[in-house]
Asks: 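Quick one: the structure is below, questions incoming.
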Amino acid sequence: MSTSQTPATPAPLRLHVPEPSARPGQATDFSYLQLSPAGAVDKPALDVTAGQTAPLTTQLVRVLDDNGDAVGPWAADIDDAVLLRAMHAMLKTRAFDARMLIAQRQKKTSFYIQCLGEEAIAVGQTLALRDGDMQFPTYRQQGILITKEVSLVEMMCQVLSNAADPLKGRQLPIMYSYKDAGFFSISGNLTTQYIQAVGWAMASAIKGDTKIATAWVGDGATAEGDFHAALVFAHVYHAPVILNVVNNQWAISTFQAIAGGENTTFAARGAAYGIPSLRVDGNDLLAVYAASRWAAERARSNLGSTLIEWVTYRAGPHSTSDDPSKYRPADDAQHFPLGDPIERLKRHLIKRGLWSEEQHEQVRSELDAEISRALKEAESHGLLGSDNRPGAADMFNDVYKDMPDHLRRQRQQLGV
Amino acid sequence: MSTSQTPATPAPLRLHVPEPSARPGQATDFSYLQLSPAGAVDKPALDVTAGQTAPLTTQLVRVLDDNGDAVGPWAADIDDAVLLRAMHAMLKTRAFDARMLIAQRQKKTSFYIQCLGEEAIAVGQTLALRDGDMQFPTYRQQGILITKEVSLVEMMCQVLSNAADPLKGRQLPIMYSYKDAGFFSISGNLTTQYIQAVGWAMASAIKGDTKIATAWVGDGATAEGDFHAALVFAHVYHAPVILNVVNNQWAISTFQAIAGGENTTFAARGAAYGIPSLRVDGNDLLAVYAASRWAAERARSNLGSTLIEWVTYRAGPHSTSDDPSKYRPADDAQHFPLGDPIERLKRHLIKRGLWSEEQHEQVRSELDAEISRALKEAESHGLLGSDNRPGAADMFNDVYKDMPDHLRRQRQQLGV
Amino acid sequence: MSETELQSTGSAPMTMIQALRSAMDVMLERDDNVVIFGEDVGYFGGVFRCTDGLQAKYGKQRVFDAPISESGIAGAAIGMAAYGLRPVAEIQFADYIYPAYDQIVSEAARLRYRSNGMFTSPLVFRTPCGGGIYGGQTHSQSPEAIFAHVAGLRTVMPSNPYDAKGLLIASIENDDPVIFLEPKRLYNGPFDGHHDRPVVAWSKHADNLVPEGYYSVPLDKAAIVREGQAVTILTYGTTVWVAQAAAEDAGIDAEVIDLRSLWPLDLETIVASVKKTGRCIVLHEATRTCGFGAELVALVQEHCFYHLEAPVERVTGWDTPYPHAQEWDYFPGPARVIDAMHRVLED
Amino acid sequence: MSETELQSTGSAPMTMIQALRSAMDVMLERDDNVVIFGEDVGYFGGVFRCTDGLQAKYGKQRVFDAPISESGIAGAAIGMAAYGLRPVAEIQFADYIYPAYDQIVSEAARLRYRSNGMFTSPLVFRTPCGGGIYGGQTHSQSPEAIFAHVAGLRTVMPSNPYDAKGLLIASIENDDPVIFLEPKRLYNGPFDGHHDRPVVAWSKHADNLVPEGYYSVPLDKAAIVREGQAVTILTYGTTVWVAQAAAEDAGIDAEVIDLRSLWPLDLETIVASVKKTGRCIVLHEATRTCGFGAELVALVQEHCFYHLEAPVERVTGWDTPYPHAQEWDYFPGPARVIDAMHRVLED
Ligand SMILES: Cc1ncc(C[n+]2csc(CCOP(=O)(O)OP(=O)(O)O)c2C)c(N)n1
Ligand SMILES: Cc1ncc(C[n+]2csc(CCOP(=O)(O)OP(=O)(O)O)c2C)c(N)n1
Ligand SMILES: [Mg+2]
Ligand SMILES: [Mg+2]
């Protein structure tokens, strides 16, 4: 029984499978990224509605222009000290990554993930928060810990999974946990923590506290169901949380269009869920700081959550297990239109008279030295797989608060 | 270490928990529903972009005005025969529901779900589809089967879980499955089938066929992760599927704001995901038919999916297990601003000279008689819990294609 | 922890629903960090009415409705628990807990471990399980095995109002994540598996007295609900009543153990009983293969091998979905338990 | 179905990865309805390279990347299968299959049943499982038990390239939904559990010859990979090699059975072996409690009770998350298997 009125016999359907504009050997056409000139995008009032932010979800909030000047409505007051701390933390993060990559190649550990090219985001947001706030990071926000000046040696011991690893060797390298630094225990499972951040923020509201949370997810991982759950809950309960989406264009080998970014933005989703949302230049420390402060103030003023899509580029491989030259042009990062966050901040600081090329080089070499010293110390506590590692008995602790009988029996069976 | 610049000590946070405008004994303020006059909303070209449909996700596509006239750009050609079929199917659906409700109260079965007030949506969309298309309904789209003129006796036998139940007593009443009628097996688990519909549509595209799918979900169930998965996949692959969201304002006892509908619409989500989206008067058969045809043509023209939010009202209890007078004003349905779909179509048909009050009553009583006859026949095959029911041996079939040894042993153990 | 720490002298007859509600009431009152949320649990009070009246009493900040997203409910609960709250989240039916499985397994169960105790998730997921109400395949399941398999979780299932309240209070107070399964067939009255005979409502039942105030039932102790010498029946939830009915009906001197806490398990009580009787039956509603009964059989044969006179028998739901019309063919009722006892005793 | 239906005479040494790829290649070629998708499986060819080259050969309509949504992948695969395709979807790590658990349990496993055979879901979820590569708690899990518990699913795990290809082809051809677990420790070479000794690559291994064309290995037959009289070791995946190494190292006449298909299970082969040896060890990497080993123990004691000379022993991963630094303390290696054999033989 035919029920349709449509007369024509249609042509065969075909599956659309999105592709990046270039594969190895070709040149990426970055015009797919909608950009706005620095200073061109409005800064709305804190109590803006989600609908009013719709234009902000396709434009791009930028503060630093090509000359290194801070321009436009988002170029708010920012203390020199904050800018210098940001520069320091970004340089330190990059140096730390570089050194740990080598350590992994030297087989001192099993695995490492760097955040090359994305340093401004974690650093800038962390500087816009308060003590007591809690960040729910992915594996690419080590910048938070470095901004918070957590012990490098301790971080390294975690990466080396050695006897001094604060997580007792239980976790994969870089899956840090630092409650005092407002850094939630990282999960290997993508996006699970996005909704947990919302729950944490709801708890703060339930208790009548003033703490806020930040949630972190990559472009690729937004496809998980928990991203949706987080947006729904954050909207429904006006949870005091900043919902960060770090769009570094890639998820291991897949381009952001495979995550649903083709002809739309991730920021647009937030606004549609009733959450005021921004799309921001993630390689512009000043834009990161300004947008994060705005969102943090909204949250702390009981105005609920803000979603921010950070446009950036994963300049390195996904992890030490990955080789991006297999799926994308090798020199892509150099052509990324938003440049390198450290270079851009450097230019601004120099213009502002706060910095010089010499200082830059000097701080870099000081940091290298500090990191080398720290690694030496960390290595003195052992390397992955060496005898100097967390004990086998540690494996049975903290499964429950108190060890149940069956685990006691199993530990005895292992003889530890 | 304090890292924020914000000076003031903020006020305590507070959790926002949305409420409907009225609870039992009060009167609902339906002004929360943004309405548009009939005929006021544009009808875009088939190849509209998602962004261009943004206005259509807050407006409301309507065709029938208060006088019963069909007005505006969505008042497309519609055959008289289709309108009469629609009226017939809607009346039959309502009569079927009424009769089965009584059967459940008479304890002839365990459970029933009616679709009172929402008949136009399933009926109208089904009339806009073709044979071979596949619908992935929820438990509230019995209108599809009735439009498709499936055997009432068979449907009733499923509801009665009796010896002639085509699903062998395995499924809860109303969880029909009719492949030939393009009606996918209903799941008791919410939203799981939304993404399955997308997968089915992707398969049609992969095979180069011309069939399309329709996916169905309620306002409440949009909160499940699979809703998000469906939108992401439908967008990424341009799947030929109509994504229906039936917003009947309630999910059992919770108001649509608890699902995330406060100050935004479910249609807006579609557009943000890159899917052209509409918000449509679900109690207006002509609007349902027109929007469904538009979406079906888009899908069949390889232009991908369309999301349609149908604004309607669940006029009855959630199911026979529910008592809505516990959580909402008892007379809400009568005040719902979009009226009753059958009354509205009746007025139009009469104006069009196709129908009369007398005919209406006559068809109703004919349908009642037909349904009573059918029920009598169905009951002759047994009632739930009677001896005349599917055999215990049927319990072990179709778990796998071929029965494995362990199930054979278990069946023997039961002695059947 | 003693079996009960009564602080209130008053007791009242309660259904299991009332007892569960009373547990939440007591804990909302005692501990500001306790919050209750889930689908339909707020204004309406839950589809089984377990939270009826609690929002009115404690306000919307403590008792509230959630979107229909089990993964979201679980994830939000974990975040709240990490903050320091003690969320008690309802999953409307155990059949709908699967979307939350990732959050429960990958997150709640492991948070303490992977953060070396820095973050924890002291929370409870309450959820009605089991068949016997013609709920069909999506309102009847008993998924305890898939939780017991996961290190870091506690899995609990009461069989009567007293235990329901005491175990729920203990679960809320416990610092580990707890999966709290409520046999919905027992909500309004015990049920002995004879679906063709009238059920005694809790109000008319001998075992219905529940203290009105605070007390708890420990999470590591099984209960011997019927002493016997001939055979040990290990069970929990609805089938605790089936086992007792079977023993009575058959006049067999069976010892019936109500496990109450499935994992961690009170192995000691089990082993002592099986060593005494030398025969054992494991009884549950869930599908047999890889059900919790398999673990019980494995443990019994590991710990009581030389005392066993016959193979341990499993009486369970069949390895099929839970059918609607054939519900009572699926349900492991007294007749099947009696057959199993005869087999075990014959050997 | 015969053990092999060779249509091609040529054989070549293959790693397990190459064998799996060859299975997909053969099936993409033979059956237009076969499609492959998953995270990173398209252009790149998968993080373990199992699908390398297949998109280039068969095009983007047949082999394509998916969004990072395991539930979406599963749900879409079910819809495709219901249409008539035979999707082979990769879940990047078994540790990430939990978000898809609802779709697999509530939908794939039950579709045929609840629709009385009107709709079916003939699909395969391939996913790498197991530890031994320092993957930590989220790249090491073996979740077979939570699938074996579910009526309607088949669960398969190969231990060598030949079986990997033949079982994968059989799984793709099978009309039931199949969970196909690939022990990633075996991808590039067998591994006998001695992590401190060099591993033999498949290219240098005796058991590496795999037919290049079509053949299949039946889904209902275990393989006796080592015959013996003293004790039966039931195992699958990586630990098949551990069991053999343990037997060799200890010089014990153990019979090692590689189950290959976990569920439905080849009970006959198991029972015959245990009746012969009178002693049994169950060996797997997953956590012990409610692991698949519990089911094996239960079945063995149910079917071989009067032949057992000693309790069936379980050698398994501990009931903890899979730790990173202590990976080899967690892994059930040869030493633990040897201890168990001694215990079982002593009794
Ligand atoms: C649930 C789950 N699925 C898959 C993976 C494997 N995986 C780890 S990272 C990754 C890509 C994530 O990409 P994106 O979210 O864009 O973050 P980025 O790496 O770019 O920072 C994948 C697929 C995982 N860790 N968890
Ligand atoms: C996964 C899952 N969670 C919860 C339920 C219980 N449940 C059945 S219907 C329903 C409400 C759905 O509301 P909505 O989506 O608005 O559809 P409507 O009933 O209004 O048509 C709920 C919570 C379920 N069936 N499945
Ligand atoms: Mg990315
Ligand atoms: Mg609804």
Side-chain angles (χ1 to χ4, degrees), chain A residues 134 136 165-168 170-172 175-180 184-189 191-209 211 213 215 224-226 228-233 235-237 239 241 394-395 397-402 404-407 409, chain C residues 32-33 35 37 60-62 64-85 87 89 99 102-103 105-123 151-154 174-177 219-220 263-268 299:
Chain A
M134 185 62 72
F136 289 72
D165 172 4
L167 303 184
K168 303 262 174 70
R170 293 179 191 147
Q171 261 288 31
L172 208 61
M175 299 285 176
Y176 311 106
S177 177
Y178 279 93
K179 192 171 187 175
D180 290 344
F184 195 70
S185 154
I186 300 179
S187 173
N189 303 69
T191 329
T192 44
Q193 305 195 298
Y194 215 61
I195 172 69
Q196 292 169 17
V198 176
W200 195 96
M202 287 170 68
S204 177
I206 288 169
K207 296 298 285 179
D209 291 341
K211 299 173 198 166
E224 293 284 2
D226 282 342
H228 171 69
L231 267 59
V232 171
F233 279 66
H235 163 60
V236 168
Y237 301 110
V241 57
D394 275 331
M395 181 165 66
N397 296 325
D398 297 310
V399 181
Y400 296 87
K401 182 170 182 219
D402 303 309
D405 288 347
H406 71 282
L407 280 177
R409 280 195 302 275
Chain C
D32 274 354
N33 288 321
V35 295
F37 71 111
K60 287 201 297 177
Q61 303 275 309
R62 305 277 309 280
F64 51 90
D65 287 322
I68 304 175
S69 167
E70 291 75 14
S71 184
I73 290 169
I78 294 165
M80 289 178 196
Y83 189 93
L85 300 187
D102 186 40
Q103 283 285 350
V105 173
S106 305
E107 300 293 329
R110 302 222 182 96
L111 183 55
R112 177 190 295 277
Y113 191 78
R114 72 167 195 247
S115 71
N116 192 25
M118 205 181 289
F119 295 97
T120 61
S121 48
L123 49 76
L153 298 178
R154 291 180 176 272
N174 191 278
D175 289 325
D176 302 317
L219 295 186
D220 53 7
W263 203 260
L265 180 75
D266 179 3
L267 187 59
E268 221 172 305
L299 287 170

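Scope of the values below: all heavy atoms of this structure, side chains included, with no hydrogens, waters or symmetry mates. Just so you know, these numbers come straight off a predicted model, no measurement behind them. To find a chain, count down the sequence lines: A is the first, B the second, and so on, and within it residues start at 1.
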Asks: Most heavy-atom pairs under 4.5 angstrom with chain A, which of C:I78, C:D32, C:T120, C:L267?
Replies: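 Highest number of pairs under 4.5 Å: C:I78.
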Asks: Is C:F119 close to A:M134 at the side-chain level, that is, under 4.5 Å between some pair of heavy atoms?
Replies: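 A:M134 reaches C:F119 side chain to side chain.
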Asks: Go through the structure and list residues passing side-chain contact (heavy atoms from CB on, under 4.5 Å) with C:N33, not counting sequence neighbours.
Replies: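 A:K207, C:D31, C:L85.
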Asks: Taking the side chain as every heavy atom from C-beta outward, state whether C:S71 and C:D102 have any pair of such atoms under 4.5 Å apart.
Replies: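 SC-SC contact between C:S71 and C:D102 ruled out.
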Asks: Under a 4.5 Å heavy-atom cutoff, which of C:L265, C:V35, C:L111 has the most pairs with chain A?
Replies: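 Of the candidates given, the most pairs with chain A belong to C:L111.
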Asks: Looking at A:V232, A:D394, A:D226, which one has more heavy-atom pairs under 4.5 Å with chain C than the rest?
Replies: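 Among the listed options, the one with the most contacts to chain C is A:D226.
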Asks: Who wins among A:D405, A:V236, A:I206 for the most heavy-atom pairs under 4.5 Å with chain C?
Replies: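 Ranked by heavy-atom pairs under 4.5 Å with chain C, first place is A:I206.
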Asks: Could you tell me which residues satisfy salt bridge (charged side-chain N to carboxylate O under 4.0 Å, His left out) with C:R110, sequence neighbours excluded, listed by chain and number?
Replies: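 With sequence neighbours excluded, C:R110 shows a salt bridge (charged side-chain N to carboxylate O under 4.0 Å, His left out) to no residue whatsoever.
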Asks: Would C:D175 and C:R112 pass as an ion pair if we require N to O under 4.0 Å?
Replies: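 No, no charged N to carboxylate O under 4.0 Å.
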Asks: With a 4.5 Å cut-off on heavy-atom pairs, point out which of A:K179, A:K168, A:Q171 contacts chain C the most.
Replies: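 Maximum pair count with chain C is reached by A:K179.
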Asks: Counting heavy-atom pairs closer than 4.5 Å to chain A, which one of C:I73, C:N174, C:N116 comes out on top?
Replies: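 Among the listed options, the one with the most contacts to chain A is C:N116.
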Asks: Heavy-atom pairs under 4.5 Å with chain A: which of C:R114, C:Q61, C:M118 has the most?
Replies: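 Most heavy-atom pairs within the cutoff with chain A belong to C:R114.
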Asks: Looking at A:A197, A:S204, A:P166, which makes the most heavy-atom pairs under 4.5 Å with chain C?
Replies: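 Most pairs with chain C among the choices: A:S204.
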